[in-house]
Amino acid sequence: MSAPGVQSFTQQGWDQVLTKVKRALVYLDAASAESLHWGCGSTRLLEAVGSPACHLREFEPAAIGGGAQQPKAVFVLSSLLKGRTVEILRNIICRSHFQYCVVVTAVNHDVHLTANHVSAVAAAELEGQQPVFEQLEEKLCEWMGDMNYTAEVLHIPLLLAPAAPHLALTPAFASLFPLLSQDVHLLNSARPDKRRLGSLGEVDASALTPELLLQIRCLVSGLSSLCEHLGVREECFAVGPFSRIIAADLANYAPAKNRRKTSAGRASVVFVDRTLDLTGAVGHHGDNLVEKIISVLPQLPGHTCDVMVNMVELTALQKEEENQNVVAPGCLAQSNDASAKALWEALLNTKHKEAVMEVRRHLVEAASRENLPIKMSMGRVTPVQLMSYIQLFKNNLKALANHCGLLQLGLATVQTLKHPQTAKWDNFLAFERLLLQSIGESTVSVVLNQLLPLIKPSNQRTSDDYSPEELLILLIYIYSVTGEFAEDKNLAETEEKVKKALAQVFCEESKLSPLLQKITGCDSSTNLTFHFAKVALDELFTSLRDIAGARDLMKQFKSVYVPANHTHQASYKPLLKQVVEEIFNPERPDPVDIEHMSSGLTDLLKTGFSMFMKVSRPHPSDHPLLILFVVGGVTVSEAKMIKDLVPSLKPGTQVIVLSTRLLKPQNIPELLFATDRLHPDLGF
């Protein structure tokens, strides 16, 4: 078996689940389903169930219970077993005929004790015992109607959805996003005057809401399990105030401290706040096909990292829109198809042009293996050419079955290349480059003035013009790349002009998108007045100012903007690139903005002694494995950049990129303007 990694960690977890599911009715929540989707695929789960009379079902209040012929159920849940989650469990079981129930939770028992307000001292005395799980087992038997029936509650750390050996996401934490300055005001409203926080830099774990603190602890529990699987003792580092809280929690997490005593390997875990650089998240400079696929194709329902691929082309159905929902959509995750998986990883790791050629090569080879009448053509790859190769498989069921994964990726490529939004990608890129040049030569007010003519009501917009949502993406780009700026007398005036123009556009939209509904608080444009829209935009611009000031607390990573000089145009330098370059700086200076989180007295003594003795402080480049966790999402291009950069700076170092979700530009406004950052829904 290959060295432990994110894929073996996820597969090991699902292997444990698969031993429990024989002839069972299996209920999955959305995050667990996403982990299964990327980790080993639903086919393996169905094979393990092994009974045609049993089914996979979504874990939700309206879920159908089990009939008399379905005596066994397995519930695979990403959340704490508390509150609403337990209510749904009870309701499903009470309307079923189960005699054997297994409940799997991705959150370990220690966190359940924390959620039930058991003190650290009392929790330590319970070592080896699992009273919360045992109590629930009794309840399960009670709900099944017979205390002699069988119930099991166990923890399996199904944290990750591994997109590639170097990249994994945490679907259960897709909404986790670093705090903004405005969140400090909300936290202060619940604190006495004497203990008011002055800035984001002063926010620590004790200042957070109980729900957010518990969400962080659930994440930390999963990350500790990953480090256990990797066999490493981790040193924790942080870039940014929110990452500092997460890194400190992992460093001081009691089960992790015990585990580290016996770990043979070493790793550095560096957490980075996404808010320090939103330019990379909303920008269009990534020359990567997968990034475009994720950006333009519709999201797979219930998923945060995969898309729907229209498969109608491979059927005998007409291509009318109503038929699109008749055929199950394809997707990008191909965990059980070695050939498709190889193509997927090639697409992640190559530039757009090479990726399209790679799709053609795989299709040609597959068609040749199946003896399909392929006509070779060299030169530029076109969507028409790729479609002609895909169509060869259409009436050959054996060939279709053999290469189904590959055909899904091929169709995803064709649909993306033909999508009108792909042509717009270059428009965005051109405008972003223009903005970069303007920022160096002008004030923010001048840059915003360049945006004003682009703000058009729906009845004046063509397909080349920017929608209100796309204008928000451009605004986030401007404020994030500019960073801290001097207040000029024209700025407030120009911002007012932009707000008024956007408010008018919002009011004239024929239909408000889900994002505009969230921002304005109105479900219909007919109910939206100019006043309401303007108030919403005042709040939105407060968020934009917070974004511009996100790096104010940094000393070294103050800017992602590189001004023009005699030889180069102005450019954007990703914060993640700066962080990785600083970690592997051959001079090994003490990192200024990459803070080490002490895991107890020994570390504190080392830090103290280092002031007057030759005691080296922990450095993130000390270990052969670097785990970089971006809190708030990462793009495909950023993951590729990190994967390529680390070996070039320090050969032999392995890197794993983890993040809460795979980002597309449209995600950032949704995450920024979410109202539940401080009070995440934990299911109770």
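The figures here come from the full heavy-atom set of this structure, side chains too, leaving out hydrogens, waters and symmetry mates. Note that the numbering runs from 1 along the sequence shown for the chain.
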Asker: For the residue pair Leu276 and Ala550, what are the closest heavy atoms and their distance?
Answerer: CD2-O, 3.2 Å
Asker: So do Lys573 and Glu581 actually touch side chain to side chain, heavy atoms under 4.5 Å?
Answerer: yes
Asker: If you measure from the Lys or Arg side-chain nitrogens to the Asp or Glu carboxylate oxygens, is any gap between Asp464 and Lys424 under 4.0 Å?
Answerer: no
Asker: Mind running side chain to side chain contact (heavy atoms under 4.5 Å, CB included) on Leu540 and Leu472 for me, showing each step along the way?
Answerer: CA-CA 9 Å; Leu540 191 147; Leu472 295 182; 3.7 Å; yes
Asker: With sequence neighbours left out, which residue pairs that include part of residues 503-549 fulfil the ring pair (Phe, Tyr, Trp, His ring centres under 6.0 Å) condition?
Answerer: none
Asker: Please determine whether side chain to side chain contact (heavy atoms under 4.5 Å, CB included) holds for the pair Glu582 and Gln556, giving the CA-CA distance in whole Å, both sets of side-chain angles, and the decisive distance to 0.1 Å.
Answerer: CA-CA 10 Å; Glu582 181 57 23; Gln556 184 178 6; 2.8 Å; yes
Asker: Could you tell me the separation between the CD1 atom of Ile656 and the CD1 atom of Ile642, rounded to the nearest 0.5 Å?
Answerer: 12.5 Å
Asker: Which atoms form the tightest heavy-atom contact between Lys640 and Thr350, and what is the distance?
Answerer: CE-N, 3.9 Å
Asker: Do any N or O atoms from the side chain of Asp273 and from the backbone of Pro178 form a donor-acceptor pair under 3.5 angstrom?
Answerer: no
Asker: Checking Ser175 side chain against Arg677 main chain: does a donor-acceptor pair fall under 3.5 Å?
Answerer: no
Asker: Atom NZ of residue position Lys534 - does it have more than 12 heavy atoms of other residues, nucleotides or ligands inside 6.0 Å?
Answerer: yes
Asker: Take Leu451 and Leu454, measure what side chain to side chain contact (heavy atoms under 4.5 Å, CB included) needs, and give me the verdict at the end.
Answerer: CA-CA 5 Å; Leu451 198 65; Leu454 306 179; 4.0 Å; yes
Asker: How long is the span from the SG atom in Cys305 to the CG atom in Leu662, to the nearest 0.5 Å?
Answerer: 5.0 Å
Asker: Heavy-atom distance under 4.5 Å between the side chains of Pro620 and Pro591, does that happen here?
Answerer: yes
Asker: Hydrogens and angles aside, do Lys292 and His352 bring a side-chain donor and acceptor to less than 3.5 Å of each other?
Answerer: yes
Asker: Under 3.5 Å, side chain of Ser32 to main-chain N/O of Leu28, donor-acceptor pair present?
Answerer: no
Asker: Run the numbers on Thr279 and Ser480 for side-chain hydrogen bond (donor to acceptor under 3.5 Å, both in side chains), then give the verdict.
Answerer: CA-CA 6 Å; Thr279 313; Ser480 179; 3.1 Å; yes
Asker: Between atom CG of Leu278 and atom OH of Tyr477, what is the distance when rounded to the nearest 0.5 Å?
Answerer: 12.0 Å
Asker: When you measure from the side chain of Asp183 to the backbone of Leu180, do you find a donor-acceptor pair of N or O atoms at a distance under 3.5 Å?
Answerer: yes
Asker: To the closest 0.5 Å, what do you measure between CD (Gln450) and CG (Leu474)?
Answerer: 11.5 Å
Asker: Please determine, by modelled atom types, if Glu469 and Gln666 share a side-chain donor-acceptor pair under 3.5 angstrom.
Answerer: no
Asker: Please report the shortest heavy-atom distance between Leu553 and Gly201, naming the atom on each side.
Answerer: CD1-N, 3.6 Å
Asker: Could you give me the CA-CA distance, side-chain angles and deciding distance for Ser79 and Val107, then say whether side chain to side chain contact (heavy atoms under 4.5 Å, CB included) is met?
Answerer: CA-CA 6 Å; Ser79 57; Val107 183; 5.7 Å; no
Asker: With a 4.5 Å heavy-atom cut-off, do Ile478 and Leu435 have their side chains touching?
Answerer: yes
Asker: How far does CZ of Phe9 sit from OG of Ser35, to the nearest 0.5 angstrom?
Answerer: 8.5 Å
Asker: Give the C-alpha distance, both sets of side-chain angles, the deciding distance and a yes or no for side-chain hydrogen bond (donor to acceptor under 3.5 Å, both in side chains) between Glu234 and Ser268.
Answerer: CA-CA 5 Å; Glu234 72 281 11; Ser268 296; over 6 Å; no
Asker: Regarding Arg545 and Glu495, does a basic nitrogen lie under 4.0 Å from an acidic carboxylate oxygen?
Answerer: yes
Asker: In this structure, which one of Leu348, Thr416, Thr635 forms a side-chain contact (heavy atoms from CB on, under 4.5 Å) with Glu291?
Answerer: Thr635
Asker: Pair Ser543, Asp546 - check side-chain hydrogen bond (donor to acceptor under 3.5 Å, both in side chains), show working.
Answerer: CA-CA 5 Å; Ser543 298; Asp546 284 356; 5.3 Å; no
Asker: Do the two ring centres, one from Tyr466 and one from Phe428, sit under 6.0 Å apart?
Answerer: yes
Asker: Can you tell me if Gln408 uses its side chain to pair, donor with acceptor, with the backbone of Cys331 under 3.5 Å?
Answerer: yes
Asker: Looking at Thr660 and Gly632, what are the two nearest heavy atoms and their distance?
Answerer: OG1-N, 3.0 Å
Asker: Have Gln421 and Ser295 got a donor and an acceptor in their side chains that come within less than 3.5 Å?
Answerer: no
Asker: Would the distance check show the side chain of Asn449 and the main-chain N or O of Ser445 forming a donor-acceptor pair, the cut-off being under 3.5 Å?
Answerer: yes
Asker: Strictly by modelled atom types, are Ser525 and Glu508 linked by a side-chain donor-acceptor pair under 3.5 Å?
Answerer: no
Asker: Taking Asp204 first and then Arg244, would you say they form a salt bridge - that is, a charged N and a carboxylate O separated by under 4.0 Å?
Answerer: no
Asker: Do Asp277 and Leu576 have side chains that get closer than 4.5 Å, going by heavy atoms?
Answerer: no
Asker: Could you name each residue pair satisfying side chain to side chain donor-acceptor pair (under 3.5 Å) that touches residues 426-436, not counting sequence neighbours?
Answerer: His284-Glu432
Asker: Indicate yes or no: does Lys577 engage Glu638 in a salt bridge with an N to O separation below 4.0 Å.
Answerer: no
Asker: Looking at side-chain heavy atoms only, is the closest gap between Asn527 and Asp523 below 4.5 Å?
Answerer: yes
Asker: Given side-chain hydrogen bond (donor to acceptor under 3.5 Å, both in side chains), test Ser637 with Asn288 step by step and report yes or no.
Answerer: CA-CA 6 Å; Ser637 293; Asn288 184 280; 5.2 Å; no
Asker: Contact between Val631 and Phe242 at the side-chain level, heavy atoms closer than 4.5 Å - yes or no?
Answerer: yes
Asker: Mark yes or no for whether His303, through its side chain, and Gln299, through its backbone, hold a donor-acceptor pair below 3.5 Å.
Answerer: no
Asker: Please answer whether the main-chain N or O of Lys558 pairs with a side-chain N or O of Arg551 as donor and acceptor at a distance below 3.5 Å.
Answerer: yes
Asker: Would you confirm whether Asn188, through its side chain, and Leu197, through its main-chain N or O, come within 3.5 Å as a donor-acceptor pair?
Answerer: yes
Asker: Minimum heavy-atom separation for Leu512 to Gln517, with atom names?
Answerer: O-NE2, 3.0 Å
Asker: Which of these, Tyr572, Trp425, Phe431, sits in a ring pair (Phe, Tyr, Trp, His ring centres under 6.0 Å) with His285?
Answerer: Tyr572
Asker: If you look at every heavy atom in Ala238 and Ala247, which pair is closest and at what distance?
Answerer: CB-CB, 3.9 Å
Asker: Quick one, Ser458 and Arg461 - any side-chain contact, counting heavy atoms below 4.5 Å?
Answerer: yes
Asker: Can any side-chain N or O of Thr542 pair as donor or acceptor with the backbone N or O of Asp538 at less than 3.5 Å?
Answerer: yes
Asker: Return the CD to OG1 distance between Gln415 and Thr413, rounded to the nearest 0.5 Å.
Answerer: 9.5 Å
Asker: Do NZ/NE/NH1/NH2 and the carboxylate oxygens of Asp287 and Lys351 come within less than 4.0 Å?
Answerer: no
Asker: Side-chain contact, heavy-atom cut-off 4.5 Å: Phe237 with Ser243?
Answerer: no
